[in-house]
Amino acid sequence: MGSRTAQILFPVNVPGAFDYAVPDPMRLSRGEFVFAPIGKQMKLGVVMSLGEAEPGRALKEIAEIKATRALPLAMLDFIDWVARYNVASPGQVLRMVLRSWKALDPSPVATLYEPTGDRPLNLTPARRAALSEGGPFPARASEIAARAGISPGVVKGLVKTGLMRSELRPVDAPYPVPNPDRAGRDLTEAQSVAARELVTQVQKDRFSVSLLDGVTGSGKTEVYFEAVAEALRQGRQVLILVPEIALTQAGLARFAQRFGAEPVAWHSSITDTERRRGWREVASGRAQLVVGARSALFLPFAKLGLIVVDEEHDTSFKQEEGVIYNARDMSVLRGRLEDRPVILASATPSLESLHNAQSGRYAHIVLPERPGAITLPDIDLIDMKVHKPETGAFLSAPMVQAVADSISRGEQSLLYMNRRGYAPLILCRACGERLKSPDTDSWLVEHRATGRAVCHLTGFSMRMPRECPKCGAEDGLTSIGPGVERIADEIQTHFPQTRVEILSSDTTATPDEIKARLGRMEQGEIDILVGTQMVVKGHNFPKLTFVGVVDGDLLMGGADPRAGERTYQTLVQVAGRAGRADKAGEALIQTHHPEHEALQALVAGDRDLFVGVEMAMREMLGLPPYGRIAAVILWGPDLKKVKDLAKDFVTKAPRADGVEILGPSEAPIARLRGLYRQRLFIRADPDVNLSKYMTTWRAKQKRIPTKYKIQIDIDPQSFM
DNA sequence: AGCACGCCGACT
DNA sequence: GTCGGCGTGCTC
């Protein structure tokens with residue numbers, strides 16, 4: 001008779017799950033949480049699978065089953081697949097799933113107090129205050145005390161007199177239930193057709209991917225809301241992934257408006273309490289609507305009905321640290337494992353998704369522009385080789401003129417400059433020294449507002465020095481190049497009477513400040529807004545009619561094969577800010593490369609033109625979506641050792657047809673936080689299983705010193 | 001991820 | 001002499 005075993009996965013970075021003996025009376029199922037001895041400690045792990053013991057192999061015994069809800073089985077598969085696809089250990093993936101350990105325990109309870117409603121007689125002032133000003137009830141004694149300006153002891157005293165009652169309540173209350181049948185906005189005929197198609201996919205009750213492709217103002221959100229409503233009607237849960245930047249109160253409000261209940265908001269900076277509550281409510285199946293950043297994909301949904309990835313092209317879906325993954329791609333994977341539909345929505349879809357739509361793997365649902373809706377502005381290019389600004393200036397004459405025209409019409413302008421601070425480079429005229437971060441190969445950016453020199457990669461900052469730290473020359477330091485602060489200065493000198501403000505993460509650190517500034521913009525209290533990436537999303541300003549892109553070339557060049565695509569996507573979004581219902585706005589883009597196809601397509605308003613040219617180029621080079629890429633970054637404290645490690649690692653590459661290896665070479669950021677970085681590139685034909693290839697490759701590398709790391713990035717988005 | 005083991009320098 | 005620094009290796 002064979003005894004039973006279980007494979008237990010621990011949330012630690014070991015290659016896989018460990019085998020344990022299941023003690024005889026224990027009833028155990030997959031997904032359950034158990035305590036088991038590992039080394040000298042007792043750890044919490046998850047039962048991945050059950051089996052029969054092979055004779056003659058001594059195994060330790062599982063100690064105990066934890067009394068908590070088991071992980072859904074689809075989640076176990078998902079953990080395994082995510083690990084394999086991204087060349088990570090399943091333990092690391094489990095650790096992402098278990099970000100909130102406390103969620104496995106029952107909710108903590110709090111004592112809440114409320115008035116019994118008995119007629120108060122002869123009350124002391126403190127007691128009267130507690131009853132009249134302590135509300136809303138029920139509440140904690142400390143909350144009532146704070147509101148009434150009394151001490152918590154008074155509240156407890158009222159319980160003794162019978163004027164208040166106390167009650168133990170779980171701290172983690174259920175979320176309000178969304179109502180799918182609240183009326184949404186009226187849909188046009190084209191929108192209804194698209195919505196019906198998506199609803200049909202939800203009703204089919206199995207895996208499918210739909211690319212919802214519609215320009216700004218085509219009502220994408222309203223259309224996918226219909227599919228969300230259908231999944232909610234089925235009593236299932238819906239996950240909507242949005243870029244981190246969209247997770248503001250304003251961003252969440254539209255979900256609350258449509259479904260009459262605040263959704264679960266999930267992102268990296270929610271409090272522990274919210275995280276615990278959200279995790280538990282999602283795991284129980286009670287929380288129905290989750291709006292979150294990429295990490296929400298690892299929540300243990302009990303009955304997932306639909307996943308929506310909004311702005312699917314957005315680069316913030318790529319996790320760049322720890323387990324490196326792309327939440328958009330992992331959404332499709334999860335949809336497949338759960339056998340549920342996935343919707344990818346975008347005004348500027350990624351070439352990967354477009355390719356999948358064209359080849360029929362995804363349903364392609366195209367929304368036409370809505371008549372009477374916000375229309376895209378007229379877009380023109382300014383050739384900076386022709387319209388050179390004066391030395392030290394960055395705005396060309398046509399750009400300044402366009403702002404002047406907008407001001408004279410009493411309208412607003414937006415200048416887009418995706419660089420924080422005043423100047424990206426501080427140079428010594430005397431000796432040529434460029435100010436750098438002490439342990440990182442990146443220039444310090446001058447921030448004039450705070451008088452500091454800042455490293456944008458590491459956060460290092462110092463007081464802006466008066467003399468050159470190298471040669472000591474006084475007043476030799478010069479600011480080279482523009483940032484938002486400098487552009488704001490420049491435009492202000494052109495128009496001293498206008499109200500110019502900056503919107504960047506430096507000038508507006510808190511959500512309240514952002515809200516306030518956007519509010520002033522909406523109210524027309526700002527004439528010219530100079531902003532970074534922060535201005536791109538959402539917000540429509542009715543009086544904004546001109547958008548100027550200060551540097552249309554910023555994203556081009558370098559090793560990034562998606563630079564053209566991202567330039568196009570960003571500029572469409574930025575230019576779209578100037579859209580108006582009654583008349584088209586205007587957008588001007590300053591560039592040194594007016595011939596670039598991304599810019600030409602933008603001017604022509606012809607996305608297909610750009611996509612066609614870009615696809616042809618990708619196909620010729622065998623790049624995504626016509627091939628696969630991976631990156632390897634090797635880093636450590638000693639330059640020579642990192643170089644040797646990289647060379648040695650390359651010699652271990654398995655032989656395979658259709659795989660090319662480039663490098664090793666110095667990474668663009670050659671030194672980061674004191675660590676030297678070398679980089680490899682791998683390009684493979686589409687039929688190569690690149691994840692498997694990289695796994696085999698890494699297995700050939702024996703252990704390396706702990707201070708050295710080999711990081712594998714499947715389908716890299718960042719090329720630094 | 002922990003935890004132990006082991007090999008080096010600064011104290012009682 | 002030993003206390004403890006952290007670099008290295010292992011956990012079914």
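Note on naming: letters A, B, ... go to the chains in the order of the sequence lines (proteins, then strands), and numbering restarts at 1 for each one.
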Would you classify A:P37 as touching base, sugar-phosphate or nothing, given that sugar-phosphate means primed atoms plus P, OP1 and OP2, and contacts are heavy atoms under 4.0 Å?
-> sugar-phosphate

Rounded to whole Å, the NZ-C1' distance (A:K702 to C:dC10) equals 18 Å

Decide yes or no on ring pair (Phe, Tyr, Trp, His ring centres under 6.0 Å) for A:Y325 and A:Y85, but give the supporting numbers first. CA-CA 9 Å; A:Y325 65 89; A:Y85 185 93; over 10 Å; no

key: Pairwise side-chain contact, A:R671 with A:R677, heavy-atom cut-off 4.5 Å (strictly under)   = no

Here the distance between atom C1' of C:dC10 and atom CZ of A:F10, to the nearest Å, is 14 Å

Rounded to whole Å, CG of A:L44 lies from P of C:dT11 at a distance of 21 Å

Closest of C:dT11, C:dC12, C:dG9 to the A:Y20 side chain is C:dC12

Of C:dG7, B:dG2, C:dT11, the nucleotide closest to the side chain of A:T706 is C:dG7

Among C:dG9, C:dC12, C:dG7, the one nearest any side-chain atom of A:K707 is C:dG7

Taking atom types as modelled and ignoring hydrogens, do the side chains of A:N13 and A:S89 form a donor-acceptor contact shorter than 3.5 angstrom? yes

With a 3.5 Å cut-off and no angle check, do the side chains of A:S353 and A:E312 form a donor-acceptor pair? yes

From the candidates C:dG9, B:dG2, C:dT11, the one with an atom nearest any side-chain atom of A:K43 is B:dG2

### Message
Is A:K40 close enough to B:dG2 that one of its side-chain N or O atoms is under 4.0 Å from OP1 or OP2 there?
### Response
no

With the side chain defined as heavy atoms from C-beta on, A:L59 is closest, among C:dC12, C:dG7, B:dA1, to C:dC12

From the candidates B:dC3, C:dC12, C:dT11, the one with an atom nearest any side-chain atom of A:Q41 is B:dC3

note: A:Y708, atom OH; C:dC6, atom C1'; distance rounded to Å ~ 16 Å

A:W101 atom CH2 is separated from B:dG2 atom C1', nearest whole Å, by 13 Å

Separation of C:dC10 atom C1' from A:F18 atom CZ, nearest Å, is 8 Å

A:K60 NZ to C:dT11 C1', in whole Å, measures 7 Å

From NZ of A:K709 across to P of C:dT8 the rounded distance in Å is 12 Å

Side chains of A:S346 and A:E311 only: does a donor on one sit below 3.5 Å from an acceptor on the other?
no

